[in-house]
Amino acid sequence: MLKDKVLDILINGKGYVSGQAISNSLGITRSAVWKEINKLRKEGYIIDSVTNKGYKIVNEPDVLNVPEIKKHTSSKTIASELEVYQQLDSTNTYLKNISHTGINDGYAVIADELTKGKGRNGRSFSAAKGKGVWTSVFLRPKIDIEQISVITVYTAVAVCNALERLCGKRPQIKWTNDIIMGNKKVCGILTEASVQTDTLTLDYVILGIGVNLTQDESDFPEDVQNVATSVKMQTGKTFSRSACAAAIYNELDKMYRDGHFVADKAEIIRQYKNDICILGKKVRVIKNGEEKILTAKDIGDDGQLVVEDENGKVYMINSGEVSVRGMYGYVQ
């Protein structure tokens, strides 16, 4: 998109950038440059223009576009290729639909608004326009199919790292894939995989990440206000969606590069265990409609939840088998 190319030049320019320099760089007329500058102004960018000096961005709105996100990224694999949309039904669904086109490892998509955001077990979630980071990342990890569950562990720790870096407050994790602030959900993670049925090998994995960033309580539907929160509600501060998305991509990239999870698995599991908010607590474990009250004891080597029943029997449960609920609220 020509507008984004002009924006990229302005963002990376030092001081004022002349209209002629932009014209020469993009092979367009000065009049065309002016038209693209005006488009950016309509989006909320405040762009100063001075005769014989050129253009300079003096204030930036909280908009999602490739140049704004790339301004904050240092990643090599994750989001090295990035698409930004005003609206999608689901970023996970979008990547599934284009998975056959040969997209590369680390390809990412982000949307300003989702109309059918996907959660676990087919549940939907609120993904309001301009209020959060709704993104999915396409991976072709070179791992055994039995290790799929640990991908969510890596992702959860990466998101906690990113949000801590962004706002200075470290979230917690409600096993297995909900990120918590103030005992309420601030982010959800949905990991979906495609497996070759004939060889039982992993084809690809899609990481869906939805962060509530700038909502106030009134922005959430009444039926989720008691369990949902936002980074703004927990910190009293407003943060850029582009900076948040970039922080997530950067932290994932530190753990994953070109098909391999390069971060030390034992260290990631240790951090995941430190961030889990339900260990030592009674939880309701729901499987196939049957509910049991168990005690969450530990995290296994691949991210399984170690639980103990009332008779002292200890066993592991996998994320795909059950739902875990707090006894006295969302996580308590």
Checklist line | Carboxylate-amine/guanidinium contact Asp298 Lys273, below 4.0 Å | finding: yes
Check: Among pairs that include at least one residue of residues 134-144, which meet salt bridge (Lys or Arg N to Asp or Glu O under 4.0 Å), considering only residues two or more places apart or in two chains?
Finding: Arg140-Asp203
Got a list of side-chain donor-acceptor pairs under 3.5 Å for residues 11-22, not counting sequence neighbours?
residue: Asn12; atom: ND2; partner: Asp8; partner atom: O; Å: 2.8
residue: Asn12; atom: ND2; partner: Asp8; partner atom: OD1; Å: 3.0
residue: Tyr16; atom: OH; partner: Asp48; partner atom: OD2; Å: 2.5
residue: Ser18; atom: OG; partner: Ala21; partner atom: N; Å: 2.9
residue: Gln20; atom: OE1; partner: Arg30; partner atom: NH1; Å: 3.4
residue: Gln20; atom: NE2; partner: Asn24; partner atom: OD1; Å: 2.9

Check: Is there any salt bridge (Lys or Arg N to Asp or Glu O under 4.0 Å) pair reaching into residues 238-248, and which pairs are they, with sequence neighbours excluded?
Finding: Asp62-Arg241, Asp112-Arg241
Next item on the list: Check whether more than 12 heavy atoms from other residues, nucleotides or ligands sit under 6.0 Å from atom CG of Asn52, and answer yes or no.
Entry: no
Notebook entry, point to check: Have Thr191 and Thr152 got a donor and an acceptor in their side chains that come within less than 3.5 Å?
Noted result: yes
Margin query: Test your reading of the model: is there a side-chain donor-acceptor pair from Ser136 to the backbone of Asn92, 3.5 Å cut-off?
Written below: yes
Margin query: If I compare all heavy atoms of Leu114 with all of Asp89, which pair ends up nearest, and what's the gap?
Written below: CB-O, 3.7 Å
Next item on the list: Check ring pair (Phe, Tyr, Trp, His ring centres under 6.0 Å) between Tyr256 and all other residues, then give those that pass, not counting sequence neighbours.
Entry: Phe261
Notebook entry, point to check: For Ile46, what are the other residues in its hydrophobic cluster, where any two members join if their side-chain heavy atoms are less than 4.5 angstrom apart?
Noted result: Val58
Checklist line | Glu310 atom CD, neighbour heavy-atom count above 12 within 6.0 Å | finding: no
Check: Hey, does the side chain of Asp105 reach the backbone of Gly259 with a donor-acceptor pair shorter than 3.5 angstrom?
Finding: yes
Margin query: Do the side chains of Asp301 and Lys265 get close enough for a salt bridge, i.e. N-O under 4.0 angstrom?
Written below: no
Check: Do Phe220 and Lys184 touch side chain to side chain, with heavy atoms closer than 4.5 Å?
Finding: no
Checklist line | ring pair (Phe, Tyr, Trp, His ring centres under 6.0 Å) against Tyr204, all qualifying residues, sequence neighbours excluded | finding: Phe138
Check: Name the one of Asn65, Ile57, Leu7 that satisfies side-chain contact (heavy atoms from CB on, under 4.5 Å) with Leu40?
Finding: Leu7
Note to self: Taking Arg170 first and then Asp275, would you say they form a salt bridge - that is, a charged N and a carboxylate O separated by under 4.0 Å?
What the structure shows: yes
